Amino acid sequence: MTDHPSTVPAGKPTSYSRVTLSRIMTAVDVNLYGTVHGGVLMKFVDDVAGAAAARHSGGTAVTASIDEIVFSEPVRVGDLVHAHAQVNWTGNTSMEVGVRVVAERWDSAEDEPVRVATAYLVFVGVDVGGAPRAVRPVLPETPEDERRFREAEIRRAHRLAKRRAIQAHRAG
Ligand SMILES: CC(=O)SCCNC(=O)CCNC(=O)[C@H](O)C(C)(C)COP(=O)(O)OP(=O)(O)OC[C@H]1O[C@@H](n2cnc3c(N)ncnc32)[C@H](O)[C@@H]1OP(=O)(O)O
């Protein structure tokens, strides 16, 4: 565990760091079954989450962990895919970023976009030497932001409890 400076920069509202990346999936993105490879979507998710974390923290931020990624519907070649990211929660040096991925089907462009994936990632703000640095607090603005903030706290509590339980198990 590293010591971090006690000065915390002023907070930013959730909307400040909200980012969307969009792209059309192509034949090079597919797996053996002809749908888009999960790894392609994971890279896309990490990219958009990293952009939101960097924007919120005003500097470099690295992926510390991917808490959860759920693929709810297949993505197909030609679909226009949008990944929406926002910083849900902040700690001292870490941030939880939530990502919602939706697809506009190439052959039914007038239908509502379909949710194809959801992910939660933890990023840590780092200085030029790669050491964790304090990040400004995120300030939830809407009831939805408040709900995401509280649910991020639940995920963090579970993550820490799991780590403690495994350490205790290994210690015998
Ligand atoms: C965008 C990209 O592609 S980046 C490339 C992929 N990622 C990387 O290369 C990152 C490699 N990892 C690292 O550099 C380091 O492990 C770091 C910077 C993430 C953490 O450094 P450490 O010195 O271990 O951190 P330290 O123990 O002081 O904890 C710092 C914060 O990180 C959080 N953290 C550390 N490890 C994890 C983890 N596995 N999962 C979630 N959070 C974590 C801590 O909870 C703490 O949060 P807080 O300050 O808000 O309470």
Side-chain angles (χ1 to χ4, degrees), residues 14-57 59-91 93-126 130 132 135 138 144-145 147-167 169-170:
T14 309
S15 57
Y16 178 77
S17 61
R18 214 165 266 149
V19 180
T20 298
L21 282 186
S22 301
R23 57 169 290 213
I24 294 175
M25 294 295 157
T26 69
V28 298
D29 299 316
V30 298
N31 56 32
L32 290 173
Y33 312 107
T35 57
V36 170
H37 200 287
V40 169
L41 295 173
M42 286 168 78
K43 167 83 166 59
F44 196 42
V45 161
D46 193 36
D47 284 346
V48 72
R55 187 182 282 179
H56 177 82
S57 68
T60 305
V62 294
T63 319
S65 72
I66 299 182
D67 248 12
E68 185 180 322
I69 183 160
V70 172
F71 301 104
S72 38
E73 294 284 341
V75 178
R76 303 186 194 108
V77 171
D79 288 353
L80 173 56
V81 178
H82 309 279
H84 306 284
Q86 69 172 53
V87 172
N88 287 336
W89 173 94
T90 47
T93 65
S94 66
M95 300 157 267
E96 187 202 80
V97 182
V99 181
R100 180 168 45 89
V101 187
V102 300
E104 290 182 47
R105 299 303 191 189
W106 68 272
D107 54 351
S108 51
E110 289 184 357
D111 290 353
E112 279 295 302
V114 177
R115 182 186 295 231
V116 292
T118 308
Y120 301 99
L121 304 88
V122 179
F123 279 74
V124 175
V126 293
V135 298
V138 70
E144 186 93 325
D145 295 338
R147 176 185 64 74
R148 289 177 172 145
F149 189 96
R150 286 194 302 274
E151 290 176 2
E153 288 182 315
I154 294 170
R155 279 185 288 274
R156 178 175 165 88
H158 278 251
R159 189 186 323 123
L160 294 175
K162 185 173 77 176
R163 189 189 304 171
R164 277 195 302 272
I166 288 173
Q167 280 168 351
H169 174 72
R170 288 184 182 178

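Computed from a predicted model, the values in this text were never measured in an experiment. Residue numbers start at 1 and run along the sequence shown.
A salt bridge between D67 and R159 is present, with a side-chain N of the basic residue lying under 4.0 Å from a carboxylate O of the acidic one. Remark: R150 does not engage E153 in a salt bridge, criterion side-chain N to carboxylate O under 4.0 Å. No salt bridge links E68 with R155; every basic N to acidic carboxylate O contact stays at or beyond 4.0 Å.
E104 contributes atom CD, which lies 9.0 Å from atom CD1 of I24 (distance to the nearest 0.5 angstrom). Within the model, atoms NE2 of H37 and CZ of F71 stand 9.5 Å from one another, a figure rounded to the nearest 0.5 Å. Remark: D111 CG to R105 CZ distance equals 10.0 Å, nearest 0.5 Å. If you take CD on E151 and CD on E96, they are separated by 9.0 Å, rounding to the nearest 0.5 Å.
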query: Could you go step by step and tell me if V97 and H56 meet the side-chain contact (heavy atoms from CB on, under 4.5 Å) rule?
result: CA-CA 10 Å; V97 182; H56 177 82; over 6 Å; no

- prompt: Going through the distances and angles, do R156 and S94 end up as a side-chain contact (heavy atoms from CB on, under 4.5 Å)?
  reply: CA-CA 11 Å; R156 178 175 165 88; S94 66; 3.9 Å; yes

- request: Could you please spell out the steps behind the side-chain contact (heavy atoms from CB on, under 4.5 Å) verdict for Q86 and E144?
  value: CA-CA 12 Å; Q86 69 172 53; E144 186 93 325; over 6 Å; no

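Residues in residues 19-29 take part in these side chain to side chain donor-acceptor pair (under 3.5 Å) pairs, two or more places apart or across chains: T20-H84, S22-H82, R23-D29, T26-D29.
R148 has its side chain out of reach of T14: every pair of non-hydrogen atoms, C-beta onward, lies at least 4.5 Å apart.
Closest approach of V135 and T93 over heavy atoms only: CG1-O, 3.7 Å. A61 and M95 make their closest contact through CB-CE, 4.0 Å (heavy atoms, listed as atom of the first residue, atom of the second, distance). The two residues W106 and G78 come nearest to each other via the heavy atoms CB-O, 3.2 Å. Of all heavy-atom pairs between A85 and V99, the closest is CB-CG2, 4.0 Å.
Between the D79 side chain and the V81 main chain, no donor and acceptor come within less than 3.5 Å of each other.
In this structure D46 satisfies the salt bridge (charged side-chain N to carboxylate O under 4.0 Å, His left out) test with no other residue, sequence neighbours excluded.
Partner of M25 under the side chain to side chain contact (heavy atoms under 4.5 Å, CB included) criterion, chosen from L80, V30, V75: V75.
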Can you give each donor-acceptor pair under 3.5 Å made by side-chain atoms of residues 114-126, sequence neighbours left out, with the distance rounded to 0.1 Å?
unit_1 : atom_1 : unit_2 : atom_2 : d
R115   : NH1    : T118   : OG1    : 3.0

